[in-house]
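Down below is the structure, laid out as structure tokens.
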Amino acid sequence: MAVSATASRFTEKVCVVTGAGGGIGSAIARRLAREGATVVVCDVDGAAAGKIASEITGEGGTAEVSQFNLAVASACVQVVDEVVARHGHLDVLVNNAGINRRGDLLALSEEGWETSFAINVHPLFHLCRAALPHMASHSGGAIVNTASQWGLQPTPGHIAYNVTKAAVVAFTHSLARDHANQGVRVNAVCPGEIRTPMVEANLVRTGRTVADLDALVPFGRIGTPEEVAALVAFLASDEAPYMCGSIVEITGAQAVS
Ligand SMILES: NC(=O)c1ccc[n+]([C@@H]2O[C@H](COP(=O)([O-])OP(=O)(O)OC[C@H]3O[C@@H](n4cnc5c(N)ncnc54)[C@H](O)[C@@H]3O)[C@@H](O)[C@H]2O)c1
């Protein structure tokens, strides 16, 4: 993807991206690296993270792999501590990883409910709590959380996903209000349907096609990971100094069905 005149917004910045082995996270990692960042590619899937990091370095960018399970609180703290020890600063944290456990209240297992919180919500507490003091004592920083349009308008049959993503929205507002005066900007993006492995797995399950999803979007198609990455990069950059506590939808005007 071509990156324009803004292509050095992250020079000398260190950026941690979770879920960076996946669809949207890998696009975010690539985008930040192409704009000059040192990107820490975090994922529980070490092979996926390694592949993205190799691609970034192959293109002349700078990337490091951090393989850990976000559900382990101490691992979240450790990754931040190690990044700060290596680089002296952490400028951008993108809390992007997430899972989608389907089911309404009666269909969803207790394990599905708890795992959804363990991966979609709790790591934000641990990672942000570890990162914030470093950002505040350096020259500030930016945190971007990947919520979902479904966190604003719940879709049927996905109670755990809807509720955890609503928690990400509330967490974002709360954190922004508490720490804006320390130079830390906190924002969230709320994508609609984006073509990634998460969505493609759902297509296989339902027997629908990408064209079926495209037809539901007023814009004429579902979104791409690169389009979300461009928004995340903007929110994380110095081009958005007054964006703080914002929840930005990126949906092609699609309503939740
Ligand atoms: N794809 C969409 O249409 C869509 C829409 C709205 C929001 N989102 C959100 O965007 C984010 C990225 O979604 P995606 O579509 O790229 O999904 P994806 O499944 O392609 O990527 C998610 C990544 O998170 C990693 N991950 C999962 N559990 C982890 C754990 N315990 N520890 C560390 N890493 C873990 C996975 O290995 C994977 O690489 C998620 O938060 C998702 O909820 C996606």
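In this chain, residues are counted from 1 in sequence order. Order of listing sets the numbers, starting from 1, for every ligand and every atom in it.
- Contact atoms of ligand 1 toward F68: 32 (N), 33 (C) (distance under 4.0 Å to a heavy atom of the residue).
- What sits closest to atom 24 (O) of ligand 1 on the protein, heavy atoms only, is G19 CA, 3.5 Å.
- Heavy-atom contacts from other residues, nucleotides or ligands closer than 6.0 Å to CZ of R86 number more than 12.
- Taking 4.5 Å as the limit, every side-chain heavy atom of E82 sits out of range of all side-chain heavy atoms of E64.
- In this comparison of D45, D43, I28, the heavy atom closest to atom 37 (O) of ligand 1 sits on D43.
- Between L70 and ligand 1, at least one pair of N/O atoms sits closer than 3.5 Å.
- We find that R101 and E111 are joined by a salt bridge, their nearest charged nitrogen and carboxylate oxygen being less than 4.0 Å apart.
- Among protein heavy atoms, the minimum distance from atom 27 (C) of ligand 1 is reached at I99 CG2, 4.1 Å.
- Nearest to atom 14 (P) of ligand 1 by heavy-atom distance, out of T164, T196, I194, is T196.
- Residue V199 approaches ligand 1 through these ligand atoms, each under 4.0 Å from one of its heavy atoms: 1 (N), 2 (C), 3 (O).
- For ligand 1 and I119, the ligand atoms under 4.0 Å from any heavy atom of the residue are 28 (N), 31 (N).
- At a threshold of 4.5 Å between non-hydrogen side-chain atoms, the residues L175 and H179 count as touching.
- Between the choices G98, G192, P225, the shortest heavy-atom distance to atom 5 (C) of ligand 1 belongs to G192.
- Distance from atom 6 (C) of ligand 1 to its nearest protein heavy atom, with residue and atom name: P191 O, 3.3 Å.
- Heavy-atom separations between K165 and ligand 1 include at least one value shorter than 4.0 Å.
- Close approach of ligand 1 to E193 (heavy-atom distance below 4.0 Å) involves ligand atoms 3 (O).
- Across T146, N96, I24, heavy-atom proximity to atom 40 (C) of ligand 1 is greatest for N96.
- Using a 4.5 Å heavy-atom cutoff, the side chains of V163 and W113 are in contact.
- Contact detail for A49 and V41: the closest heavy-atom pair is O-CG1, 3.6 Å.
- Between H122 and F117, the ring planes lie tilted relative to each other; the angle falls in the 30° to 60° range.
- Of the residues R185, K13, R9, the one that meets the salt bridge (Lys or Arg N to Asp or Glu O under 4.0 Å) test with D238 is K13.
- Counting only distance, with no hydrogens or angles, the side chain of N162 and the backbone of G151 share no donor-acceptor pair below 3.5 Å.
- Not a single heavy atom of N100 lies less than 4.0 angstrom from ligand 1.
- Here the side chain of D91 pairs no donor or acceptor atom with the backbone of G141 at under 3.5 angstrom.
- No donor-acceptor pair under 3.5 Å is formed between the side chain of Q78 and the backbone N or O of F68.
- Among V16, L124, V186, the one residue that satisfies the side chain to side chain contact (heavy atoms under 4.5 Å, CB included) test with I143 is V186.
- Within the structure, ligand 1 lacks A48 among the residues with a heavy atom less than 4.0 angstrom away.
- Protein heavy atom in closest approach to atom 19 (O) of ligand 1: M198 CB, 3.9 Å.
- Looking at A147 against ligand 1, only its backbone comes within 4.0 Å, counting heavy atoms.
- Atom numbering of ligand 1 starts at 1 in the shown order; those under 4.0 Å from a heavy atom of S148 are 6 (C), 7 (C).
- If you run side chain to side chain contact (heavy atoms under 4.5 Å, CB included) between I194 and each of T146, T224, V228, only V228 comes through.
- Put simply, the side chain of L231 does not reach to within 4.5 Å of the side chain of V144, judged on heavy atoms.
- With hydrogens left out, the protein atom closest to atom 21 (O) of ligand 1 is G22 CA, 3.4 Å, a heavy atom.
- Remark: of the listed residues R205, R195, R208, R195 is the sole one forming a salt bridge (Lys or Arg N to Asp or Glu O under 4.0 Å) with E200.
- Residue W150 places no heavy atom under 4.0 Å from ligand 1.
- Closest protein heavy atom to atom 35 (C) of ligand 1: V44 CG1, 3.6 Å.
- Here the heavy atom of the protein found nearest to atom 31 (N) of ligand 1 is N69 OD1, 2.8 Å.
- Nearest to atom 43 (O) of ligand 1 among the protein's heavy atoms is Y161 OH, 2.5 Å.
- Less than 4.0 angstrom separates some heavy atom of P197 from each of these atoms of ligand 1: 20 (O).
- Residue-to-ligand polar distances place G23 within reach of ligand 1: an N/O pair is separated by less than 3.5 Å.
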